[in-house]
Structures are given as structure tokens and as C-alpha cells.
Amino acid sequence: MAEPIVLRHRTLPGLDRLTAYRENGGYQAFEKAVRSQAPEAVIQLVKDSGLRGRGGAGFPTGVKWSFLTPGVFPRYVVANADESEPGTFKDREIMERNPFQFLEGVAICAYAAQANVAYVYCRGEFWDLTGELDRKIAELERAGLLGERLFGTDYSLRIHTHLGAGAYICGEETALLESLEGKLGQPRLRPPFPAAEGLYGKPTVVNNVETLANLPPILERGADWYRSVGTKQSPGTKVFSLSGHVERPGNVELPLGTTFRELIFEHGGGIPGGKAIKAILPAGASAPILPAADDVLDSGMDYESLAALGSALGSASIIVLDETVNIAWAESKITDFFEHESCGKCTPCREGTYWMKHILGRLMGGEARSEDIGLLESVGSGIRGKCLCALGDFAALAVTSGIERFGTDFEIHAVNGR
Amino acid sequence: MALAEKHRAEIQAILAKYPPEHKRSAVMGLLYLAQREYGYLDRQAITEVGDLLNLEPTEVGSLIGFYTLYHDRPGPTYRLQVCTDLPCALRGAEHFARELRRSLGVAGNEPPTDGEFVIEEVKCLAACDRVPVFQLQEPEGIHYYESQTIETALAVVEEIRGRTANG
Amino acid sequence: MSSNGVRLTIEGTEISSPSGTLLVDAAKRMGIDIPVFCYHPKLKPVGMCRMCLVEIGRPARDRATGQPVFSEQGAPVIQFGANLETACTTQVGEGWQVRVFSGKAVEGRKAIVEYLLTSHPLDCPICDKGGECPLQNLTMEHGAGLSRFLFDEKQHLAKHLALGELIFLDRERCIQCARCTRFQDEVADDPVIGLSQRGRRLEIVTYSDPGFDSYFSGNSTDICPVGALTTADFRFGARPWELNAAASICPHCPVGCNLTLNTRRAAGGDGRETIKRVMPRQNEQVNEIWICDKGRFAHHYAHSADRLSRPLVRENGTLVEASWEAALNRAADLLGRLGAGLLGLAGGRLSNEDLFNFRALIEGLGGTPVMDDWMAGGDLVRQFGVYPGTNLGTLGQGDAVLVIATDLHEEAPIWWLRIKQAAERGAELIVANARQTRLDSYSTQQLRYAPGDAVRAGLGLLGALTGDPKLQSYVEDRQTTAAAKALSAARNLIVVYGNEGLDYPGSEALARACARLLSAGNHLGRPNNGLIAVWPRANTQGAWDMGLRPLPAGLAGRLEQSTGAYVVAADPVGDDPTVGQLLTGLRGLVVQDLFLSPTAELADVVLPVQSFVEREGTFTSGERRVQRLYPAMPGPVESLADWKIFAELGHRLGLELEGRTAGQVFARIAAQIPDYAGLNYTDLAVSARQWPEVGGEDLYYGGTAYDNRQGLGVQLAPRPGGEPPEWLAAAERRPSGDLLLIPISRLYDRGATVLPSELLSLRLAELKLAIHPEDAERLGLIGASRVELSWDGRASTVEFAIEQDVPRGAGLVVRSTGLPLNRPTEVGVRPASS
């Protein structure tokens with residue numbers, strides 16, 4: 001790939017210092033927008049670029065912004081830095097190593113949304129990182145890049161960090177807003193969506209860190225340039241978080257549409273110990289597992305292609321599993337995760353994840369009965385399509401796709417025990 | 001009202017982040033502050049935070065159980081939390097956690113004899129490329145220790161023990 | 001409404017539903033019961049339990065053009081969603097087709113029931129909810145015979161958790177529907193319970209002290225769809241199907257909440273019929289489906305075993321049991337010889353029938369019947385009370401309510417609730433008091449006046465409204481002017497007045513000011529306009545309507561001029577022991593009551609009466625709604641209804657009083673009291689279908705409050721009478737003591753109707769004087785723990801507490817906690833020597 005768009009610190013060291021960031025063109029996009037572009041124009045530009053949400057849903061960002069209810073103020077922008085999906089660690093690197101590009105992205109989004117206040121909701125474990133962000137924000141204020149009447153215009157903007165306290169569900173945007181409002185982090189009914197009724201009931205844009213970090217380059221270099229990278233329906237680059245059985249786990253920024261094979265074997269160094277690759281979880285815990293057959297390995301990694309494979313790209317946390325992994329074990333880890341993180345608001349997820357965890361516990365512990373796999377599949381299917389938010393569906397899909405595609409791994413436990 | 005007296009400036013800074021008519025948003029920040037001050041969030045802490053925000057104690061107290069980083073009962077000062085979620089488990093984290101416990105002579109989640117710290121297993125910490133990883137949780141905050149070995153982890157434990165010994 | 005109608009088809013039947021209707025309600029109205037748990041028609045929908053899953057098909061639209069798509073036959077193409085949807089969160093849509101009983105929908109709901117049952121304990125045999133449990137009913141309908149869940153994996157959680165001593169929680173039964181926490185949050189605005197933890201461990205917690213500290217906590221057990229929340233009063237008491245139900249009216253306050261009394265014989269002991277629980281009865285115009293906890297829990301006095309069960313006559317200085325014949329003869333003999341010096345003292349728990357006969361008897365003997373009360377204005381309420389059709393639940397934008405000199409949360413909680421909700425719907429709410437009360441935070445404007453100066457505040461509003469030059473001296477500040485402006489701009493205005501800080505003349509002056517306020521703004525003669533008095537008892541308005549009045553100057557002076565007294569449903573000696581001396585000095589004293597009170601102990605004759613649960617009668621509420629009570633159980637064998645006793649005495653004294661049935665007494669009332677003309681018991685028993693539906697086949701929908709088939713009551717029209725009387729000047733306050741002692745009300749005091757309910761014992765108000773820190777300093781009380789109060793040559797020692805929100809110059813004491821003062825009094829205050 002020519003050059004990174006988001007992980008620019010890889011080629012420009014010291015980019016986490018404001019002077020270096022500005023020397024490399026930083027904050028010119030934001031200043032230009034505030035001084036001379038109408039918010040609507042910025043929204044249109046982002047629409048034209050085709051940028052899609054990088055947090056998991058892949059919804060076209062500019063379109064999401066355009067849903068803000070006209071004439072209703074104040075507006076808010078919230079950066080979703082609750083990164084808690086197993087296998088995802090991209091937002092952390094962006095905020096640690098290229099923080100000003102991220103913060104400039106927040107500022108651009110706020111300007112486009114005509115918001116004067118933006119919040120960065122960080123997961124509670126990012127304690128040190130959040131403290132560092134606070135210092136960077138203070139530095140921006142001293143430099144006149146945040147605060148009142150920016151660049152001599154009427155536009156004012158303040159950014160505040162808000163520390164979460166350990167709940168994956170707060171990464172769901174309406175649950176995040178509830179948490180930010182000081183309540184239990186449980187998802188809301190949608191509609192209404194945050195663009196209509198968000199933080200404190202006001203029109204709000206909630207965007208992922210990586211999505212926001214894409215904005216300064218897009219504003220600087222234009223929509224056409226952005227579209228020249230990636231695929232037609234999934235333009236731009238994606239930061240892929242590669243983990244599990246690879247030589248070199250880590251974040252890799254590549255154009256959308258790059259194949260699994262290239263990511264895993266070229267950039268990731270292949271499978272350690274000469275083992276064969278068995279399966280891929282392309283979106284951490286939140287998408288169906290894929291057998292690592294050629295059609296998968298040679299598939300491009302973008303939103304459409306993954307859907308065509310019967311899975312999803314999500315936040316692109318690519319977890320690689322080699323031949324030594326029993327998929328039932330892997331799914332039991334995932335089910336454990338979802339049971340731990342279920343907010344409990346709706347019946348099928350609350351009761352279903354608990355039930356599935358126990359059935360899988362029996363399977364892993366060698367105490368399974370012959371009907372348990374069928375029961376597991378039935379419980380999982382019963383959850384699908386009935387929950388208040390996607391967590392329940394993800395938990396169900398993890399189990400049902402595992403059974404469907406790697407049934408023998410489950411049967412082994414049912415028959416032999418541990 | 002110990003909190004209001006001792007930490008007036010910090011409380012004001014937290015409140016200042018949010019619109020005054022929505023000061024309920026400050027509850028999470030204030031709970032961290034109270035937890036730092038008191039070590040854990042008991043009835044008094046809950047009431048104090050509620051008074052600062054004009055909230056019923058129940059509105060404050062009910063949040064604590066929802067979030068894993070708030071503690072409503074006394075416990076060890078230092079929580080050494082090893083991630084053993086799937087990506088870490090694939091790279092040996094479960095074995096690491098077991099080994100660490102064995103080296104320290106603790107079983108399960110029991111605190112070791114000095115009671116000041118405990119080893120726990122937690123979910124994904126977003127450090128899946130630097131396995132094994134643990135976070136050290138103490139009332140003052142949370143710090144990551146990544147790409148650990150048993151040796152480096154034991155050294156951290158020694159350092160903690162040194163801290164608690166010196167008060 | 002129907003011009004805004006949305007047409008859709010549910011289970012093959014086309015209906016028209018007002019736009020904005022939730023699908024679950026639209027189905028309900030056409031007789032299709034979609035099962036729900038978390039949804040409740042009086043709460044905002046949340047879509048949590050996922051029980052109400054249905055299939056929704058919407059008219060297809062062309063993706064490109066947005067135009068509807070039609071089939072070859074010309075019918076709109078209907079596209080059913082891939083997933084089931086929750087009917088409780090979805091508003092009706094034009095042209096929709098909804099399938100409730102399709103295989104997919106039924107299977108979907110079956111799955112939800114199965115999930116709920118994995119955690120739910122098999123408690124039915126010991127669970128109070130059995131027999132009125134929606135989960136039980138649904139399981140019978142949908143549940144599999146054998147659970148697929150392994151028992152060993154079931155969660156084991158606390159089963160007898162006291163959320164406070166009044167409400168118990170069984171964590172295993174809870175299905176996390178959050179109806180209780182949402183009720184407390186949205187309806188009661190008392191977020192003293194909340195959800196904590198997450199996932200399957202999601203649980204109800206309370207951090208208030210005492211736990212679940214809300215006057216409305218009992219309602220959560222009605223709307224809890226399982227046996228998770230139960231009351232300490234009823235739990236393990238009886239099975240719902242064993243209970244008899246009788247309609248009644250709450251005896252505690254002038255709201256007049258409709259009740260259903262559930263009775264059954266006691267399992268052990270003497271097998272007496274007993275009240276097992278008090279439940280709300282639906283009356284959307286009075287109390288909707290709620291009652292406060294006092295109405296729910298403070299019923300034990302009415303069927304207490306300590307009740308008087310036989311007449312008593314004094315023989316040789318002691319009271320001995322006697323037959324009714326003997327007792328009535330003795331009483332008649334006594335009363336007949338007292339002549340014009342006979343004072344009849346009646347309390348406001350008496351029904352209209354009792355009061356009517358009482359007045360006829362006393363006046364027939366030449367005596368004077370009076371009310372045991374200290375608040376004026378009932379005659380004004382007769383003329384300017386709220387107009388028929390008034391319903392606090394319909395107030396909103398453009399309407400206004402003025403609440404003055406009362407603490408509604410303590411004195412009439414359901415009015416507090418409904419008025420607060422009116423304010424939340426946009427009604428202008430002006431709260432005037434010397435101190436902060438719980439209604440303040442919902443008010444649009446607050447008026448503060450000095451302690452005791454409610455009349456000045458009322459006249460100030462009147463002056464600002466009318467511009468009357470003679471009143472301008474009372475218009476003291478901008479707030480008064482702003483408030484008056486808001487009142488005059490209101491389309492409808494209701495004025496609610498109490499007597500906190502006022503003596504009798506003061507309350508008369510305030511009532512007049514309020515009446516003139518209404519008249520000046522033309523806020524009379526139509527629904528949602530008029531005057532409401534916050535009486536201390538349930539049927540004080542009825543007493544005024546029947547022609548009784550309080551004694552303006554108080555009881556003591558009057559007793560000194562009397563030859564004898566007939567005291568009914570009142571305990572003046574219990575209120576103030578020094579009255580005992582005045583009573584013993586009388587030639588004759590007849591007392592008629594439920595218990596052998598301190599007053600009864602001094603009597604020559606004591607007559608036992610039936611309580612409100614044992615007899616018929618009518619009460620007239622503060623909104624002037626006449627409502628019937630029905631007997632729920634027999635009283636002590638030898639007790640009679642008050643009206644009957646008066647008739648019997650009358651007959652012995654040559655007076656013709658109606659004594660056959662309560663209904664026939666009421667017929668006389670209708671014939672002789674113009675306000676009640678044309679009414680009869682049958683009219684009062686007329687009920688109508690109300691929305692939302694409760695207590696029906698599908699208990700889950702509205703909860704277990706009872707539906708109302710015994711009568712909604714009738715609201716009386718105000719008596720025509722022209723202008724309100726002239727306003728009275730505010731009395732000049734001449735502070736002569738250290739403090740103005742102001743009696744205030746608390747819902748749970750130590751009165752005779754509350755004390756017998758032991759389950760409330762931890763929540764009763766204490767006897768103590770509350771004063772402002774500055775006054776404490778001024779009076780040298782810092783460091784003291786008790787104070788000596790002195791007034792009129794008397795003294796009393798009490799505890800005291802320093803509280804920031806007591807007005808300066810005032811000392812607050814809760815009524816009925818033991819201090820013999822029930823009107824504002826200048827008192828001397830000094831530290832008590834230990």
C-alpha cells in the first residue's frame with residue numbers, strides 16, 4: 001500500500017506531538033472547514049467519499065450525519081472509544097500514536113454536525129490513555145485549536161473525555177449514550193436513532209475512533225482521492241487488527257478489498273510452528289466463523305464480500321485459529337464473553353446466553369448428554385431475531401455458525417468428553 | 001462530606017464537562033473519585049456522590065454492580081487482571097495465568113497470604129498483539145503491563161509488595 | 001379522533017385506530033390479547049421482555065420511486081419483516097397486516113416463555129401470585145410439559161429479601177421486566193429502587209433508608225407480573241381464589257380512593273373473618289389504579305380485635321357491659337335532659353348517612369352539632385368546588401393548579417401524584433407555602449411566605465389578579481405578580497388549599513381568597529375549574545354538606561358553656577388531656593366509637609360502632625364525588641352503624657329519624673339537601689368500562705388492581721349562589737412567643753387509625769420540634785437535646801431537631817404524635833433541664 005491514511009505515525013514518527021502533527025499538515029483541514037466551508041458542504045464531502053463506519057456496522061458515515069434533525073439544537077458528537085471487541089485493538093493505537101489526527105477528526109465531525117461539545121467515551125481500562133488525551137486536549141486549547149471563537153469565527157468547540165467503567169455493551173451507541181448520561185449502559189429502543197434523539201434527547205452523531213481519524217485526510221485530499229483506494233462499495237483503507245495464531249499479530253492498515261491471504265500470510269507472517277490454518281473469525285466474537293478454505297482466504301476483506309461469505313467484516317478484528325483449535329472450545333470462550341457482557345435488559349439474550357454458557361460448560365467439562373448439541377443449536381436459534389440489540393444475535397450466531405460449520409468439533413466433546 | 005471538602009477542585013472539573021442541567025453524567029467520574037478516596041464504594045460514598053449530584057442513593061448505588069471496574073465491598077488493593085479471552089488464550093494466556101498463580105502459591109482467585117492483591121482473569125483488554133497482558137487495577141487507576149513473562153510479572157508483584165510494605 | 005384514524009388489519013379484521021396508538025393497545029381494544037410483561041399502559045413502553053412478538057407486514061414500496069407496489073389484482077403488496085417485532089413499542093401504521101396467532105409468532109412467544117422459565121423457580125405451590133399470575137397462565141397455554149433446562153444449572157438467589165420492611169422481593173421469581181423500577185421512576189418520581197448488576201444477575205436493589213422509601217411502594221406489587229414483589233401485609237396470607245371482594249372507599253384522606261377489600265376467614269384462632277389485603281379499585285377519575293401505602297396498609301384498626309364489642313354504661317363509677325336496650329335507654333335519658341346545652345361533636349370518618357342522622361338528632365333535641373375540626377371553607381367548596389366532569393388526569397398545557405398552605409405528598413398522596421403528572425404534561429403549577437414541600441420541584445412557580453402568612457399570599461395573588469386598590473398592600477413581590485399572571489392566562493384553574501400554619505379564622509380567610517381568585521378569573525362553572533380543600537379526614541366535605549361546622553373558637557370554650565356532650569368518632573381527650581377535665585364536669589357524656597379511647601373512658605355511656613369495612617354508606621370526596629362503601633365483613637356481633645344508633649335514640653326521644661337502611665337515609669339526604677337532589681344508591685353504583693383494562697382475564701395487561709363494577713360515584717354540581725363572600729383581611733400577627741409552632745402533617749403519624757398497623761411502626765413520625773439553625777442559636781438550644789414548650793400556662797417537653805429547611809421563626813411538629821396542639825400557636829421555647 002502506498003501510504004497509510006490512519007496509521008500515519010508508522011511512517012511519520014513523533015506524530016503524537018502537536019508540533020510534528022502540524023508540520024505535517026495537521027489542523028489545516030479543520031481550520032479550512034471552519035473558516036470557509038459550510039457544515040452541509042462537509043457532510044456532502046464525507047458522503048461523496050463513501051466512508052463507512054469503522055466500528056462494526058459499516059453504515060455510510062455522511063449519510064448518518066445527514067439524519068441529524070434540522071433545526072434542533074444543541075447537537076453533540078460522541079467518539080466511541082469503548083473498544084472492547086475481542087481481537088480489536090486498532091482504536092487504541094490510533095489514540096496513542098496518532099492522537100491529533102483522531103482529535104482533528106472529532107473536531108471536523110463536530111463542525112459538520114454544528115455541535116459545540118464533543119465527548120470521547122473511552123473504556124475504563126484505557127485509564128492512562130485517557131489521561132494522555134486530556135493533556136493533548138489541553139494542549140490544543142492552548143494552541144487555539146479548541147475553545148471559543150476558533151480561527152476568528154463564531155464557532156466554538158470543546159472536547160471532553162468520559163471514562164467508562166468496564167462494560168462491553170457500552171460500545172453499542174445507544175447504550176453508550178445511556179452510560180454517558182449517568183445511567184445503566186443498556187441499549188435504547190430504536191427508533192428514535194441518535195441523530196434524531198441522542199445525548200440528552202438531542203441530535204447526536206456517534207462515530208468510531210477510526211472513522212473519525214479518516215476525516216482530516218478526506219477533507220484535505222478530497223472524495224475522489226479517497227475513492228481511489230479500496231473497493232467501489234467499501235472505499236478507503238481499514239485498520240485490520242490481526243491476532244491469534246499468526247507470527248506477527250498487530251494492526252495492519254490495508255485498502256479494503258485486500259485478501260485474507262495477503263493479510264495473514266504476508267503481513268502476519270503466516271501460522272507459527274508450520275501449522276495449518278483452520279478457521280478465521282473476521283469480526284472478533286461478532287460474526288460467524290469462517291472455515292479457512294481457499295474461497296475464504298482469497299476473498300477480499302470488505303463489507304460486501306464478507307456478507308457474501310455468510311459472515312461480516314464488523315470492526316475487522318481478524319482472529320486466526322490453527323488446526324490445534326477445537327472450535328467448540330473457541331465458541332465456548334466467545335459464549336462466555338457474551339454471557340459476561342450481556343446487559344440483561346431483554347429476555348432472550350439474558351436467559352439465552354446464560355443457558356448456552358452452561359450447555360457449553362457441560363460440553364467442555366465432559367458431562368454433555370447426547371441431546372446437548374441439538375439443544376445448544378435450538379437455544380441459539382431461538383434467540384435470533386428477538387433481541388433488543390445485536391449482542392444477542394451475535395451470541396446466537398457464534399454458536400449456530402460454529403455448530404453448522406464445525407459440527408464435528410462439538411461432537412467430539414459430546415462423545416468423548418475432555 | 002469528606003469528598004466535597006477534600007477534592008473540591010477535582011469535583012468541579014468533572015462537573016464542568018457536562019451541561020449543568022445534566023450533571024447526572026458526572027456520576028461515573030465521581031464514583032471513580034470516591035473509590036480512590038475510600039478504597040471501595042460503601043453506603044457513605046454512595047450517599048455523598050448522590051448529594052453532590054442531587055440523586056437518590058439508589059440512582060447512584062445501582063450503577064456499581066453494572067460496571068466491572070466499580071467495587072462495592074472491600075477487597076484487595078491491587079487487582080492483577082490477566083486477560084484470558086479468546087485471542088489471548090490462543091497465544092497461551094490461560095497457561096500464563098495458571099503459571100503465575102502457581103508461582104505465587106495461590107489457588108483460583110484467592111488473594112495470596114498478604115491479602116493485598118489478587119490475580120483475576122478478565123475479558124479482552126484490547127492488547128491482543130502483546131500477549132500475555134495484564135492490567136493492574138488499584139483505586140488510583142489502571143495500568144497495563146503488556147508482553148509479559150512470568151519473570152517480569154513476578155517482578156511487578158514484588159514491586160507491589162514493596163509498596164504495601166512501605167505503606 | 002377517527003379523522004386521524006390509521007387503518008390496519010389485525011388477524012384478518014380491519015380496524016381504524018387513532019394515529020400514535022401502540023399495536024398492543026389497538027389489539028386490546030378489539031379484543032385480541034397480546035401477552036405482555038414489561039409493557040404497562042400507564043408506563044412508557046420499553047420492549048424489554050420481548051413477550052409481545054408479532055408478525056408485521058407493511059405495504060411494499062418501490063426502492064427507487066418510494067411508491068407503493070401493487071399486485072396484478074390491484075391489491076397492495078404486503079412485505080412481512082424477516083423478524084418478529086414487539087407490539088408494545090410499535091405504533092400502528094397505515095395498511096399494515098398484523099399476525100398475532102401465526103405459527104411463527106406463537107413459536108416466537110413460546111421461546112420467550114421457555115427462556116423465562118429456565119430461571120424461574122417452581123414456586124407456584126407457595127407463591128402468593130399463584131391464581132392471579134400471568135406467567136402461570138401463559139405457561140399453561142404455551143409451556144412445554146418438561147423443561148429442557150437442567151435443574152442443577154438454575155440460579156439460586158435470595159428469596160425473602162426485604163426491600164424495606166413493607167415490600168419483599170424474591171430474586172428468583174423476578175423476570176427483570178422493570179415495571180416496578182419504571183413505575184417508581186416515571187409515575188411516582190421516587191427512584192428508590194433500581195436495577196443493578198447485568199445479564200442474568202440483573203436485580204432490583206434499594207439504597208434508601210428506610211428501604212423502598214416511597215408512599216406508593218405497594219402499587220409495584222399490583223403491577224409485578226410474577227410473585228417477585230409481595231407486601232409484608234399479605235404475603236403467605238391467602239390464595240386469591242379464596243378471597244371475597246367488596247368495594248369500599250379509603251377512610252384516611254379526602255381523595256376518596258376506590259378500594260377493593262379482600263377478606264377471608266382467619267386460618268387459626270377464632271376463624272374470624274378478616275381483611276387479608278386492601279387493593280386498588282379502578283376509578284380513572286379519582287385514583288386511576290393506584291392507592292398510597294397508608295390506604296393499602298393502615299386497615300388493621302378497622303377490624304382489630306381490640307374494638308369495642310359491647311355497649312358500656314357507667315355503674316357506680318365504672319363502665320360495665322350492658323345490653324343495647326339498656327344502653328340506648330340510658331343514653332336517651334341523658335341526652336333528653338341536656339336541652340340546648342347539648343353539644344354534638346362528630347368526626348370526619350363518619351359517612352353522610354351518619355352525619356345526616358346525627359344532625360337531625362342533636363338539633364331535634366335543641367342542641368348544636370359541630371365537627372371536630374379546625375379548618376374552614378366547606379361551605380365555599382359547596383358553592384365553588386370543582387365542577388362535575390373534573391378529572392385531574394386530563395389537566396395539561398393551558399391548565400393551571402394553585403396549591404397553597406398544604407403538603408400534598410403527606411396529606412393526600414394521590415392528589416400529589418396526579419397534580420405532579422398534570423405539571424409534567426405541561427400544566428402551570430404554582431405552589432405556595434412557607435416551606436419547601438415535595439411538590440416544589442414540579443412547580444412552574446413557587447411562592448414563599450412567612451410562617452402563618454398564607455392569607456397574605458392568597459390576598460396578594462387576588463390583588464395582583466384583580467388590581468383591587470384595597471389589596472395592593474398584599475402584592476409584595478414580583479413572584480406574586482408573575483404567578484397571578486400565569487393564573488389569569490390559564491384556560492382552566494383549580495385551587496387546592498390547606499390550613500398549614502392557619503387557625504380557623506385564617507383558613508376561612510384563605511378559603512375566601514381562593515374562591516374569589518377563581519371567580520375573578522372566571523374559572524368556575526365548567527370542568528377542571530374550582531376549589532378543592534385538603535381536609536384532614538375522608539368525609540369532612542360530606543360533614544359540611546350535611547350542615548355541620550367546626551367551632552371557630554375551638555372546643556374548650558364551648559364545653560364550658562355546655563350541659564353535656566355526645567361525642568362520635570372523635571377523641572378530644574386523646575388529642576388534649578386537659579379537655580378531660582371539661583368533660584367530667586358535664587352533666588352527661590355519651591361516646592360512640594370503635595375503641596375505648598381516653599374520651600370514652602370518661603363517658604356515662606359508650607356505644608360500639610361498625611367500622612367502614614363492615615357497613616354501607618357514602619363518603620363525599622374533596623372533589624365532591626359521592627361514592628358508596630359496601631360491607632366487606634361482619635363487625636363485632638353487637639356493633640351497629642352510627643346512623644342506626646342515632647335513629648334508635650331519636651325514636652326513644654320522640655324524633656322521627658330514618659333507621660331502616662343506609663340507602664333510605666340517603667334518600668332523605670337527597671330529599672332535604674339540595675346538593676344531593678336526585679341522587680340515589682342505584683345511581684352511585686353505576687360503573688362503566690374504563691381504559692386501561694385491569695383485573696380481567698389477561699391480568700398481565702394492567703396488573704391486579706380490581707376493575708370497578710360497584711360504582712364510579714357521582715360528582716356533585718356546585719350550589720348556585722352568586723359571588724363568593726367578601727375577602728377578609730389577613731390577621732395581624734403579633735409574635736408573642738419565641739416561635740410560632742405550626743402543626744404539619746405526615747402520612748404515617750401516631751393516630752388511632754395508623755398505630756394498630758404494626759408493619760408501619762418503623763416509619764411513624766416521631767414527636768419532635770424541628771427548628772431552623774438560626775432559631776436554635778437565638779434560643780440558646782445548641783447542645784440541648786430536649787426543649788420545654790410553654791403556651792397558655794401549659795408546658796410540654798419534647799425532643800428537637802435542627803433542620804435547614806424549616807422557615808425562620810417557626811417550629812414544626814407533626815400532628816397526632818402526642819403534642820396537644822392542633823393549630824398554630826405562639827410558644828415559649830427553652831432548653832429542658834435534663
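So you know, we letter chains A, B, ... as the sequences are listed, proteins then strands, and number each from 1.
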Interchain contact, [X] with chain B, by part (heavy-atom threshold 4.5 Å):
X      : result
A/S241 : neither
A/C343 : both
A/I319 : side chain
A/E341 : side chain
A/R248 : neither
A/L199 : neither
A/I169 : side chain
A/L180 : both
A/D336 : both
A/S179 : both

Who wins among [options] for the most heavy-atom pairs under 4.5 Å with chain A?
options                     : result
B/L90, B/L63, B/L31         : B/L90
B/A127, B/P87, B/A26        : B/P87
B/V131, B/L55, B/L53, B/L69 : B/L69

Interatomic distance, [X] atom [atom1] to [Y] atom [atom2] [nearest 0.5 angstrom]:
X      : Y      : atom1 : atom2 : answer
B/L125 : A/F126 : CG    : CZ    : 9.0 Å
B/I142 : A/L129 : CD1   : CG    : 12.0 Å
B/D129 : A/L242 : CG    : CG    : 9.5 Å

How about [X] and [Y]: do any of their side-chain heavy atoms sit closer than 4.5 Å?
X      : Y      : value
B/H143 : A/D128 : yes
A/T161 : B/K17  : yes
B/S25  : A/Y119 : no
A/K333 : B/E94  : yes
A/F89  : B/C124 : no
A/E181 : B/H22  : no
B/E21  : A/Y200 : no
B/D85  : A/F337 : yes

Output the option from [options] having the highest count of non-hydrogen pairs under 4.5 Å with chain B.
options                        : value
A/G166, A/P249, A/A165, A/S317 : A/A165
A/A167, A/G87, A/G131          : A/G87
A/A285, A/G164, A/G250         : A/G164
A/A330, A/S84, A/G185          : A/G185
A/G344, A/G182, A/P272, A/C170 : A/G182

Problem set entry | A/R10 atom CZ, over 12 foreign heavy atoms within 6.0 Å | yes

For this session: Examine distances only and state if a side-chain atom of B/R24 and a backbone atom of A/K183 form a donor-acceptor pair shorter than 3.5 Å.
Result: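 No: the side chain of B/R24 does not pair with the backbone of A/K183.
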
Problem set entry | Main-chain N/O of B/C128 paired to A/S243 side chain as donor or acceptor, under 3.5 Å | no

For this session: Decide salt bridge (Lys or Arg N to Asp or Glu O under 4.0 Å) for B/K123 and A/E339; before the verdict, give the C-alpha distance in whole Å, the side-chain angles of both, and the deciding distance to 0.1 Å.
Result: CA-CA 11 Å; B/K123 304 285 179 233; A/E339 190 271 344; over 6 Å; no

Exercise. Taking the inter-plane angle between the rings of A/W127 and B/Y32 on a 0 to 90° scale, is it parallel (under 30°), tilted (30 to 60°) or perpendicular (over 60°)?
Worked result: perpendicular

Problem set entry | Pair B/Y18-A/H162, side-chain donor/acceptor within less than 3.5 Å | yes

Exercise. Thinking salt bridges, do B/R79 and A/E125 make one under a 4.0 Å N-O criterion?
Worked result: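 So B/R79 does not pair with A/E125 through a salt bridge.
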
For this session: For the pair A/W329 and B/L86, evaluate side chain to side chain contact (heavy atoms under 4.5 Å, CB included) and give the outcome as yes or no after the intermediate values.
Result: CA-CA 9 Å; A/W329 168 85; B/L86 181 59; 3.7 Å; yes

